[in-house]
Every structure is written in C-alpha cells, then in structure tokens.
Amino acid sequence: MISTVEVLKLMEAFDNEPNYTVWSDLSCNLGVLSSLLSHTDFHEEIQEFIRDLFTPIGLKLGWDSKPGEGHLDALLRGLVLGKLGKAGHKPTLEEARRRFRDHVEGKQILPADLRSPVYLTVLKHGDSTTLDTMLKLHKQADMQEEKNRIERVLGAISAPDLIQKVLNFALSEEVRPQDTVSVIGGVAGSSKQGRKAAWKFVKDNWDELYNRYQGGFLISRLIKLSVDGFAIDKMAAEVKSFFESHPAPAAVSFLWTKHKGGDLRKPGNAATLSAEQRQAFSAPGKYLTPFCPPVSCSASAHR
C-alpha cells in the first residue's frame with residue numbers, strides 16, 4: 001500500500017484526463033482525505049490541491065454543454081464544478097452565484113445537471129439569506145427529484161446556527177421520513193463542524209430516529225453517515241459508549257469490527273491521525289509530506 005503523498009503525486013498526472021469514472025474516483029479519494037485533514041491544521045492545503053487539480057478540466061469543460069457531448073460529459077461537468085465550488089475556486093463561485101441569482105429570479109433556469117453543483121457552491125459560501133432562498137425553492141418544487149436534490153446539499157452551509165437549522169428541517173414535515181437520513185448525512189459529510197453537530201443531533205433525537213428506522217437499512221445508514229468522518233480517539237470512545245447504552249443491533253455489525261481482546265475499533269474512516277502523522281503534513285513538498293495515512297475510498301465520499 002503506497003502513501004498518500006505518492007497518491008497525490010499520481011493524481012497530478014491526470015490533469016488532462018477526460019474520463020468521468022477516473023475523475024469520480026479522484027473526487028472520492030480526495031473527499032476522504034479532506035475529511036481526515038479537517039481534524040488538522042492543514043485542511044486548506046488540500047483545498048488548494050483540489051483547486052489546482054480540477055481547474056484545467058473545469059476550464060476545458062466550461063459551464064455550458066457543447067454539441068456532441070454525451071451523458072458522461074454532463075456528469076463530469078457537474079462533478080468538476082461542484083468540487084471547484086466547494087473548494088473555494090473564486091471564478092467558479094462567482095459564476096455559480098450569478099447563475100443561481102438568475103435561476104431564482106426566473107431569468108435563466110438552471111439545467112438539471114448544473115443545479116446540484118450550483119446549489120452546493122452557493123450554500124457552502126452562503127449565509128442565512130442563501131439558506132432561506134434554498135428552503136423556499138424546496139417548498140415550491142413540484143417534483144420530488146428537485147426536493148431530493150436540494151435536501152442532499154443543504155448540509156453544505158457553514159455557519160453553526162444555520163447547520164442547526166438544516167438539522168431541524170430534516171425532522172420537519174417538509175421532509176419525507178425516508179429522506180431525513182440524507183439531510184442529516186449531508187450535514188455530517190460536509191465539514192468538521194457539521195459532523196459534530198449531526199452527531200449531537202442524532203444523539204439528542206435518538207429515540208425518535210431509532211423508533212422511525214429500526215429494523216430497516218436506514219438505521220444502519222444513519223449511523224454510518226453520522227460517525228464515518230471521525231478520526232480521533234476521543235470520538236471513537238464516545239461513539240462506542242453511546243451505542244453500548246443505546247443498542248442498535250441492526251447496525252452493530254455494519255459499524256464495528258472486532259479487535260483482539262474484544263475491543264472495538266473506531267468507526268468509519270477510523271485511521272486515527274497520530275501526532276507524528278499530523279506533524280508530517282507540514283514540510284517540504286508542495287502540499288503534503290510523507291508519513292500520511294493511505295487513503296481508502298467509499299461511495300459516499302464525494303465531499
């Protein structure tokens with residue numbers, strides 16, 4: 001297994017790659033790494049790497065479809081623009097805001113394949129007005145597909161009070177019970193602050209959530225999405241303690257792996273970042289230096 005540093009160096013060789021599947025895999029792995037680095041002082045370095053890596057393909061694709069493009073080209077454009085927007089690429093942010101404003105005002109309706117990246121970008125760098133506008137769009141949407149599209153990106157909002165507003169919205173009558181998990185998971189997967197807030201929300205509302213989803217796959221999905229991004233010993237102990245006092249049989253085998261002596265390993269992405277590994281992110285190299293933990297990717301890691 002090679003180091004994360006070697007993986008990042010390899011990624012830089014794909015700047016002219018046109019294949020959607022390749023970029024989807026790159027995005028997934030970078031999402032995992034970004035989540036882990038949110039526990040360190042080097043989160044901005046990986047955002048810089050993402051901006052540099054995705055800018056050439058973003059410029060090549062542009063915002064508008066071209067004659068002869070296929071379905072995968074549209075998927076790639078949405079993936080790349082969303083990644084650039086969330087990482088704070090200024091030209092992408094400015095254009096997303098302009099297109100969102102035109103969409104809301106009815107001047108130029110966004111095509112379906114651009115809505116998710118535009119919504120994600122303006123929310124990530126937005127304020128209470130942005131969130132209120134998005135919730136209004138959700139309420140006005142005639143199609144459930146559009147409601148779900150909005151629900152999946154609401155968690156990108158950054159301010160703590162607005163994160164809490166999104167979590168409360170997840171349990172409101174505006175969201176179908178089967179879609180609540182996606183909203184909570186979107187909050188947990190978007191930032192370190194969102195992850196903590198989502199976990200607290202799950203604990204505070206456990207009885208309602210467990211009674212709603214017990215016996216089905218959604219309880220396992222809820223727990224996985226809520227704890228998947230934690231990577232420190234303190235949180236591992238807290239999660240373990242909570243589920244020892246709040247058993248969820250359907251989820252236990254999914255979340256935990258037995259370790260020698262009967263102890264349980266940390267959940268989800270739990271390759272805990274040691275002090276040595278954290279220090280290693282700081283020196284010679286353009287972005288990161290050796291001793292980084294190797295990255296493993298999951299399907300839900302496009303964050």
Side-chain angles (χ1 to χ4, degrees), residues 3-15 23 26-59 79-97 117-118 120-127 130 153 155-163 186-198 228-232 235 268-269 271-297 300-303:
S3 74
T4 302
V5 174
E6 295 304 316
V7 172
L8 292 175
K9 290 179 180 177
L10 179 62
M11 285 182 178
E12 291 180 318
F14 288 95
D15 57 347
W23 282 105
L26 292 173
S27 173
C28 180
N29 280 278
L30 285 168
V32 173
L33 184 57
S34 180
S35 178
L36 288 172
L37 288 180
S38 69
H39 298 278
T40 74
D41 295 329
F42 305 102
H43 189 245
E44 177 51 36
E45 276 78 357
I46 195 64
Q47 303 312 306
E48 180 186 353
F49 180 86
I50 290 170
R51 292 192 296 268
D52 288 350
L53 181 64
F54 280 77
T55 291
I57 185 66
L59 291 173
L79 173 71
V80 170
L81 292 176
K83 205 72 176 177
L84 283 170
K86 187 175 182 183
H89 183 249
K90 289 185 178 180
T92 302
L93 174 57
E94 291 171 359
E95 182 64 12
R97 283 173 169 165
V118 168
L120 174 69
T121 299
V122 297
L123 278 165
K124 178 64 178 179
H125 307 282
D127 54 18
T130 310
V153 298
I157 201 75
S158 297
D161 59 323
L162 300 182
I163 289 174
V187 173
S190 290
S191 66
K192 179 180 178 181
Q193 294 78 12
R195 192 173 306 121
K196 290 181 178 179
D228 209 24
F230 291 128
I232 56 176
M235 291 310 304
N269 283 337
T272 301
L273 296 176
S274 68
E276 177 186 9
Q277 288 167 334
R278 295 183 189 200
Q279 292 171 2
F281 284 112
S282 61
K286 184 176 181 182
Y287 299 102
L288 304 172
T289 56
F291 310 113
C292 308
V295 174
S296 61
C297 192
S300 61
H302 297 279
R303 302 183 182 117

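Bear in mind the structure is a predicted one, so any value in this text is a computation, not a measurement. Values reported hereafter were calculated over all heavy atoms of this structure, with side chains retained and with hydrogens, waters and symmetry mates removed.
- Applying the side-chain contact (heavy atoms from CB on, under 4.5 Å) criterion to Glu95, with sequence neighbours excluded, gives Trp63, Arg98, Arg99.
- For the side-chain contact (heavy atoms from CB on, under 4.5 Å) with Val80, the lone residue among Ile57, Leu53, Thr92 that qualifies is Ile57.
- Judged purely by atom type and a 3.5 angstrom limit, Thr55 uses its side chain to pair as donor or acceptor with the backbone of Arg51.
- Lys83 contributes no side-chain N or O that, together with a main-chain N or O of Phe54, makes up a donor-acceptor pair within less than 3.5 Å.
- Residues Ile163 and Ala197 approach most closely at CG2-CB, 3.7 Å, considering heavy atoms.
- The salt bridge (charged side-chain N to carboxylate O under 4.0 Å, His left out) check on Glu6 picks up Lys9, with sequence neighbours excluded.
- In this structure the side chain of Leu37 reaches within 4.5 angstrom of the side chain of Thr40, judged on heavy atoms.
- One distance of note links OG of Ser158 with CG of Asp127; it measures 11.0 Å at 0.5 Å rounding.
- Heavy-atom minimum distance, Ala87 versus Ile50: CB-CG2, 3.9 Å.
- The environment of Asp161 atom CG is dense: over 12 non-hydrogen atoms of other residues, nucleotides or ligands sit within 6.0 angstrom.
- Side-chain contact between Lys124 and Ser191 is present, with at least one heavy-atom pair separated by less than 4.5 Å.
- Closest heavy-atom contact between Ala198 and Val187: CB-CG1, 4.1 Å.
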*Stepwise side chain to side chain contact (heavy atoms under 4.5 Å, CB included) check, Leu33 with Leu8*: CA-CA 10 Å; Leu33 184 57; Leu8 292 175; 4.0 Å; yes
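- Of the listed residues (Leu81, Thr121, Leu84), just one forms a side-chain contact (heavy atoms from CB on, under 4.5 Å) with His89, and that residue is Leu84.
- Side-chain contact between Leu162 and Thr130 is absent, with no heavy-atom pair separated by less than 4.5 Å.
- Between His43 and Ser34, the shortest heavy-atom distance links the atoms NE2-OG, 3.0 Å.
- Shown here for Ser38 and Lys192, the closest heavy-atom pair between the two residues is O-CD, 3.2 Å.
- The shortest distance between side-chain heavy atoms of His125 and Arg97 falls below 4.5 Å.
- Distance check, rounded to the nearest 0.5 Å: CD of Glu12 to CZ of Phe49 gives 4.5 Å.
- Counting all heavy atoms, side chain and backbone alike, Leu123 lies closest to Ile157 at O-CD1, 3.3 Å.
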